[in-house]
Colleague: 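I am attaching a structure below and will ask some questions about it afterwards.
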There are 2 protein chains.
Amino acid sequence: MFEQASLPRVAVSVDVVGFRLQSGEAGLELQVLLVRRLPPPFAWQWALPGGVLGADERLAACACRLLRERTGGAEFYLEQLYTFDALDRDPRGRTLSVAYYALLRGDAGEAPAERDAADARWWPVRRLPAGGMLAFDHAQVIRAAHERLRGKLDYAPLAFHLLPATFTMTQLRRVYEAIQERSYDPTNFPRAMLARFPGLAPVVGERDRTSKRPARVYRYEAPPA
Amino acid sequence: MFEQASLPRVAVSVDVVGFRLQSGEAGLELQVLLVRRLPPPFAWQWALPGGVLGADERLAACACRLLRERTGGAEFYLEQLYTFDALDRDPRGRTLSVAYYALLRGDAGEAPAERDAADARWWPVRRLPAGGMLAFDHAQVIRAAHERLRGKLDYAPLAFHLLPATFTMTQLRRVYEAIQERSYDPTNFPRAMLARFPGLAPVVGERDRTSKRPARVYRYEAPPA
DNA sequence: CCAAAAGTGTTATGCTTACACCCATGC
DNA sequence: GCATGGGTGTAAGCATAACACTTTTGG
């Protein structure tokens, strides 16, 4: 009854910045998932996983779908980042990009059900391919996602999504040190975390025995609303 | 050369949450600009200023245009808020809404070049019309904008956009008190502001003489990047 | 027994908050 | 001259940071 006759419509795509942490040359490094484009425009260049929004598809669902195609069944945290709208961001014509960012566990995408197989790779954020010359405005999108992650890390429970369900305080501290690019006092850090995040609590019986002295193991459970 | 043949396209609209501060019954109150809808759907209900994105129009430019139509030549601060995408948010069919929020000076929109004249009104955020039953998902959009404003106020130079170019510390304090709904110590508040915002500095000769003792007058100038 | 990493306790430091007090004006 | 709001100085309180020290294991 309210059908729109001929409103101007624009193409809308969704792009996902998938982050994970992996041990690189100098300790943990933040990595982002990129895929090599096959069709033009920007053929053979690296780009974020992206695609066109389905007519009856939710934005977040679309982002989930795009990311799962590249990482298999891994779980992740997903959040809307920003809507990019430069007129010339896609040479094919006006295309809005609603960007999301995702946080995955460090081992995610290792044995991926990657339909597109070898043309998906994790890249260190500090060393993007071709000096950061990515397709579309994706270098800018990654910068924005990185800034958002850094800004929210201190007050939002984001770091836990980059770790397994249970973890030691040292592991958690390494996550913060890798993303904020500074060091934290190992003795004060646990106190600060426990004070800031009520959902963070030690798992009673369990201990981590990978280092000399067995370390306490923690779990984060999101508090009810 | 790269023209897209027939990608699925969706309608994209832009909605703007315009905020200002005005003295109401209990001191300053945060107000939002609403317009009464004439065409269906949601005919005769109150809604945010909104419209369809032009084919070659930037999102921010569209938001500017929509707001200027209702407020005349007033200056304002504008920031992208979020992209809302519920499938049923518009009964006419799938429509994305890229929401922006704007901050205007308290006297903005007083003598507006309102083309649509009497069907635009400022409403206190705490007392929206019809108990907050607005058109589309606009009640939710306003809540999100309000939360963003409250969250960023403490660390971002937002409050200055709600005041004239020069202002006293008491005026600035009233802005914070109205938005955060708490009181601030009048003696500590100026020190905290000057410490937080390097661009905030007193105007040398000038004084405000509206209260008993002439008050120092300040100006905020955004620091160079 | 020694090295290495986990974990505890205590002190120093600096920022925020509270508040006592003085100042400049209108009436 | 006195009530009112503007403004300064200072001390208490609190949270963070720094660090000495103990604990628990592997080798």
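Protein chains get the first letters and strands the later ones, always in sequence-line order, with residue 1 at the start of each.
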Colleague: Could you tell me whether Glu206(B) and Arg216(B) have a side-chain N and a carboxylate O separated by less than 4.0 Å?
Modeller: no
Colleague: Select base, sugar-phosphate, or nothing to describe what Thr168(B) touches, counting heavy atoms under 4.0 Å on all strands.
Modeller: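 The answer is nothing, as Thr168(B) stays clear of every strand by at least 4.0 Å.
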Colleague: Do Tyr100(A) and Val98(A) have side chains that approach each other closer than 4.5 Å (heavy atoms only, starting at C-beta)?
Modeller: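 They are in side-chain contact.
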Colleague: Is it true that, when you exclude Glu221(A) itself, more than 12 heavy atoms of the residues, nucleotides or ligands shown sit nearer than 6.0 Å to its CD?
Modeller: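 Not more than 12 within 6.0 Å, no.
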Colleague: Test the Arg174(A)-Tyr176(A) pair against the cation-pi criterion, namely NZ or CZ under 6.0 angstrom from the six-membered ring centroid and within 45° of the ring axis.
Modeller: no
Colleague: Could you list the protein-to-nucleotides 21-27 of chain D atom pairs, N/O on both sides, closer than 3.5 Å?
Modeller:
| unit_1 | atom_1 | unit_2 | atom_2 | d |
| --- | --- | --- | --- | --- |
| dT23(D) | O2 | Arg213(A) | NH1 | 2.2 |

Colleague: Tell me whether Arg127(A) is salt-bridged to Glu29(A), with the criterion being a basic N under 4.0 Å from an acidic carboxylate O.
Modeller: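 A salt bridge is absent here (no side-chain N lies under 4.0 Å from a carboxylate O).
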Colleague: What about the rings of Tyr218(A) and Tyr220(A), do their centers lie closer together than 6.0 Å?
Modeller: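 Between Tyr220(A) and Tyr218(A), which both carry aromatic rings, the centre distance is not below 6.0 Å.
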Colleague: Under 4.0 Å: is that the gap between some side-chain N or O of Arg216(A) and OP1 or OP2 of dT8(C)?
Modeller: yes
Colleague: Near DNA chain C, which residues from residues 171-204 of chain B have a heavy atom under 4.0 Å away?
Modeller: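 Contacts with DNA chain C under 4.0 Å: Asp185(B), Thr187(B), Asn188(B), Arg191(B).
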Colleague: Send over the distance from Arg207(B) CZ to dG26(C) P, rounded to a whole Å.
Modeller: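 Nearest whole value for this atom pair: 13 Å.
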Colleague: Does the pair Glu69(B)/Arg65(B) count as a salt bridge with the N-to-O cut at 4.0 Å?
Modeller: yes
Colleague: Could you check whether Arg143(B) pairs with Glu147(B) (Lys NZ or Arg NE/NH1/NH2 to Asp/Glu carboxylate O, under 4.0 Å)?
Modeller: no
